[in-house]
Number of protein chains: 2
Amino acid sequence: MSALRTLYERADVVPLLAEIFRELGFEGATLSRITERTGIGKGSLYHFFPGGKEEMAAAVLAEVDTWFEQFVYEPLRRDDPAEAIAAMWKNADAYFRSGGRICLVGAFALDETRERFATTINDYFQRWIDALAGALVRSGRPASEARAAAENAVLGIQGALVLSRALDDKALFKRALDQMAKRLITS
Amino acid sequence: MSALRTLYERADVVPLLAEIFRELGFEGATLSRITERTGIGKGSLYHFFPGGKEEMAAAVLAEVDTWFEQFVYEPLRRDDPAEAIAAMWKNADAYFRSGGRICLVGAFALDETRERFATTINDYFQRWIDALAGALVRSGRPASEARAAAENAVLGIQGALVLSRALDDKALFKRALDQMAKRLITS
DNA sequence: GTCTATACAGTGATAGAC
DNA sequence: GTCTATCACTGTATAGAC
């Protein structure tokens with residue numbers, strides 16, 4: 001007979017932690033709030049993450065990184081550039097739920113949490129920009145412009161997340177992404 | 001004879017608090033860290049801000065709002081639009097220290113701190129966008145484009161802050177602002 | 001107006017029963 | 001693998017001496 005209570009594996013816990021860190025930030029995500037929202041006791045959490053809250057956040061960041069590597073960066077490096085870039089905008093809108101979900105890496109970059117995860121944060125954005133700039137070059141864009149254009153696109157997504165949350169306006173997020181998508185391939 | 005110790009007024013404390021909230025975030029800025037960094041005891045802090053940490057953050061947000069109203073929004077509504085827009089970019093670069101200093105309002109928008117200060121956060125960005133869109137219209141830009149262009153500029157500054165901090169690259173911030181300034185008046 | 005002392009809930013973390 | 005109990009510490013907040 002299977003147990004009535006839900007049993008977790010570490011891999012099941014990470015997505016739950018991700019949403020909590022996204023909503024509350026690193027400092028705001030206290031162990032009791034994590035316990036409260038997941039129903040997982042402190043004992044279990046420390047069983048999965050002996051390094052405590054820092055290991056939890058690191059695991060979340062690693063999973064975010066894997067997701068973007070697989071569904072955004074790799075396609076940008078490998079696939080037809082125009083298709084991969086179109087898929088990037090589509091994936092970004094879906095992943096960030098049209099501004100309803102923030103970018104954890106971007107949020108961590110803003111306060112002192114940055115110090116804890118500096119290289120992870122740096123790599124996430126650096127690889128995004130590199131992959132996008134590479135795709136732009138392959139699509140015929142001069143290398144001299146490609147990097148700045150890529151930076152602008154990545155930065156625009158982060159800004160759209162901030163502004164759409166500040167104004168509580170998901171339509172703004174979609175509109176901004178559409179405009180950036182057009183500008184990226186035309187200008 | 002004047003006292004050896006520094007005596008503060010409430011108005012002197014607010015800028016100190018601003019930098020601490022910027023660096024640590026709302027949750028990360030604990031009273032002991034505030035005391036430690038400012039040298040002001042808890043008794044004094046609660047004398048100035050009976051409402052505790054929330055009142056401290058509200059006072060900081062109010063001061064930020066006043067600064068932008070005076071040096072950015074009002075000029076955009078009142079002065080020659082081209083000059084006011086040029087001044088906006090210059091002021092933004094100076095205020096945010098080329099990405100070395102974040103936007104507290106934007107940072108608060110990202111996590112649950114948003115709930116505490118929702119209307120303040122909303123107003124800050126809404127008035128910025130309105131003032132900028134108005135200046136663009138006065139400079140001859142079609143009203144149909146002005147709002148989206150204004151949103152894009154405001155969002156771009158927020159994104160540039162995130163990205164320049166993530167990559168620890170102030171040059172990127174300046175570069176991005178230059179590019180956005182050009183695009184705002186040409187496209 | 002600022003200090004020290006202190007209240008007491010909440011913090012991350014650990015140990016041991018099951 | 002999960003629970004309860006508990007640790008030492010830090011959190012916000014208050015009171016009273018000066």
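Everything numeric here is computed off the predicted structure, so don't read it as measured data. In the text below, chain A, chain B and the rest are named by the order of the sequence lines, each starting its count at 1.
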Check ring-ring contact (aromatic ring centres under 6.0 Å, His included) between B:Phe71 and all other residues, then give those that pass, not counting sequence neighbours.
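Result, ring-ring contact (aromatic ring centres under 6.0 Å, His included) vs B:Phe71: B:Trp67.
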For A:Phe108, check ring-ring contact (aromatic ring centres under 6.0 Å, His included) against everything at least two apart and list the hits.
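By the ring-ring contact (aromatic ring centres under 6.0 Å, His included) rule, A:Phe108 matches A:Phe117.
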List in chain and number order the residues that pass side chain to side chain donor-acceptor pair (under 3.5 Å) with [X], two or more places apart in sequence or in another chain; answer none if no residue qualifies.
{"X": "B:Thr113", "value": "B:Asp111"}
{"X": "A:Arg37", "value": "A:Glu23"}
{"X": "B:Glu83", "value": "none"}
{"X": "B:Arg141", "value": "B:Glu145"}

A:Leu104 side, atom CG; A:Ile102 side, atom CD1 - distance, nearest 0.5 Å:
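Atom-to-atom, A:Leu104:CG and A:Ile102:CD1 are 6.0 Å apart.
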Which value, rounded to the nearest 0.5 Å, describes the distance between A:Leu163 atom CG and B:Ile129 atom CD1?
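That separation rounds to 4.5 Å.
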With the sugar-phosphate defined as primed atoms, P, OP1 and OP2, and the base as all remaining atoms, what B/S/- string results for nucleotides 10-17 of chain C, 5' to 3', for protein heavy atoms under 4.0 Å?
-SBBB---
Please say which of A:Phe68, A:Trp89, A:Phe173 ends up in a ring-ring contact (aromatic ring centres under 6.0 Å, His included) with A:Tyr95.
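So, applying the ring-ring contact (aromatic ring centres under 6.0 Å, His included) to A:Tyr95 and each of A:Phe68, A:Trp89, A:Phe173, only A:Phe68 qualifies.
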Selection: residues 108-117 of chain B, any non-hydrogen atom under 4.0 Å of DNA chain C:
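Heavy-atom cutoff 4.0 Å gives no residues at all.
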Scan residues 13-20 of chain B against DNA chain C and write down, sorted by residue number, each residue with any heavy atom closer than 4.0 Å; if none is found, say none.
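Of all residues in residues 13-20 of chain B, none places a heavy atom under 4.0 Å from DNA chain C.
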Only counting residues at least two apart or in another chain, list the ones meeting salt bridge (Lys or Arg N to Asp or Glu O under 4.0 Å) with B:Asp130.
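Checked B:Asp130 against salt bridge (Lys or Arg N to Asp or Glu O under 4.0 Å); matches are B:Arg147.
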Which whole-number value in Å describes the distance from [X] [atom1] to [N] [atom2]?
{"X": "A:Leu45", "N": "D:dG1", "atom1": "CG", "atom2": "P", "answer": "14 Å"}
{"X": "A:Ile40", "N": "D:dT4", "atom1": "CD1", "atom2": "P", "answer": "14 Å"}
{"X": "A:His47", "N": "C:dC18", "atom1": "NE2", "atom2": "C1'", "answer": "15 Å"}

Salt-bridge present (B:Arg33, B:Glu36; N to O < 4.0 Å)
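The answer is no: the pair does not qualify as a salt bridge.
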Residues two or more places apart in sequence or in another chain: which of them pass side-chain contact (heavy atoms from CB on, under 4.5 Å) with A:Arg138?
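Per chain and number, A:Arg138 pairs via side-chain contact (heavy atoms from CB on, under 4.5 Å) with A:Pro81, A:Ala135.
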Can you pull out how bent the helix from C:dG1-D:dC18 to C:dC18-D:dG1 is, comparing the axes over its first five and last five pairs, to 10°?
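If I round to tens, the end axes sit 0° apart.
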Please tell me if the side chains of A:Met56 and A:Leu31 come closer than 4.5 Å, counting only heavy atoms from C-beta onward.
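Yes; the side chains approach each other to less than 4.5 Å.
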